[in-house]
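Taking it in order: structure first as structure tokens, then the write-up.
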Amino acid sequence: MYQFSWPKANPIPGFARHQMAPQITQLVGLNLSDAQLTLFESAILGSLPPHQVSQYSWFEDNGFAFMGRTSSANAIVVAVGIGQGRRGGIALNAGILDLRGAFQRQGIGKLLAKRLLSISLSLGTESVRVSANMAHGSYVWALYGARPFHRSGVEAEIDRRINKLHQAGTWGLLEVNMSRNILYNKNNSNFMMDLARMKRGSRDLGYELLAQGVLPSWKWEGYWDLTDQAQCGLVDALLR
């Protein structure tokens with residue numbers, strides 16, 4: 001994985017869809033059609049409030065072509081890329097999802113995640129990568145089944161967050177034990193999703209643990225391997 005540098009990435013000139021396909025095809029080494037790019041763009045733009053998507057730009061970063069959008073006052077910052085995966089097929093990369101102010105907790109992140117995974121199946125994508133480093137991205141991507149590239153580092157950070165919730169009196173031993181039983185089950189490759197789904201009564205424990213709110217934001221790198229039948233089946237089930 002790499003650090004996504006948008007908006008310092010290289011701008012791709014030309015914004016009409018019929019101009020973009022040849023440039024992006026040459027850039028990322030994939031034979032992408034206008035229809036595929038239209039599907040890609042529509043999935044992203046359709047996830048955001050209509051009055052917030054009047055302008056967007058394409059950027060290149062590390063072999064991926066990213067479509068980026070920054071709204072007025074930076075209330076919404078989103079950039080999602082398309083490029084070539086390790087096996088030569090299509091890979092998608094959710095580089096940035098940052099929602100602020102009134103746009104937080106409005107279901108925008110969940111809708112984007114759902115649409116991104118939906119088009120990944122439609123395009124025959126081999127993998128989807130995410131950089132979960134914003135206020136709510138760490139929670140949203142986990143909720144939709146992303147797996148961490150580096151489990152040990154993620155385990156250590158989540159354990160620290162559990163300790164902080166306990167020390168602050170926000171969580172009791174029941175919540176601590178529940179979360180650690182999930183966290184340290186080495187046979188569970190979907191432990192992030194199970195942590196995100198934790199609830200107790202009306203409390204969303206997964207959100208308290210993984211999102212910025214009670215605790216500060218944090219970062220982890222994740223993926224969906226859609227050549228893995230088990231993970232592909234999980235994604236398909238989540239989208240139904």
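Looking only at distances, no side-chain donor or acceptor of Glu221 sits under 3.5 Å from a matching main-chain atom of Phe149. The main-chain N or O of Gly89 is found under 3.5 Å from a side-chain atom of Glu126 such that the two form a donor-acceptor pair. Put simply, the side chain of Trp224 gets close to the backbone of Tyr144: a donor and an acceptor are under 3.5 Å apart. Here the side chain of Asn185 pairs no donor or acceptor atom with the backbone of Asn181 at under 3.5 angstrom. When atom types are taken as modelled, the side chain of Thr170 and the backbone of His166 share no donor-acceptor pair closer than 3.5 angstrom. With Arg161 contributing its side chain and Leu209 its backbone, the two residues share a donor-acceptor pair below 3.5 Å.
Residue pairs meeting the salt bridge (Lys or Arg N to Asp or Glu O under 4.0 Å) criterion with at least one partner in residues 226-239, sequence neighbours excluded, are Arg147-Asp228, Asp236-Arg240. Within the structure, the salt bridge (Lys or Arg N to Asp or Glu O under 4.0 Å) test picks out the following pairs touching residues 182-199 (sequence neighbours left out): Glu155-Lys186, Lys199-Asp204.
A heavy-atom distance below 4.5 Å is found between the side chains of Leu195 and Ser179. Considering only heavy atoms from C-beta on, Tyr184 stays 4.5 Å or farther from Phe191 through its side chain. Put simply, the side chain of Leu92 reaches to within 4.5 Å of the side chain of Phe40, judged on heavy atoms.
Here the rule is side-chain contact (heavy atoms from CB on, under 4.5 Å) with Thr125, and of Leu117, Leu116, Ile90, Ile119 only Ile90 fits it.
By the 6.0 Å contact criterion, CZ on Arg200 is open, its count of non-hydrogen atoms from other residues, nucleotides or ligands being 12 or less.
Considering all non-hydrogen atoms of both residues, Ala142 and Leu210 come closest at CB-CD1, 3.8 Å.
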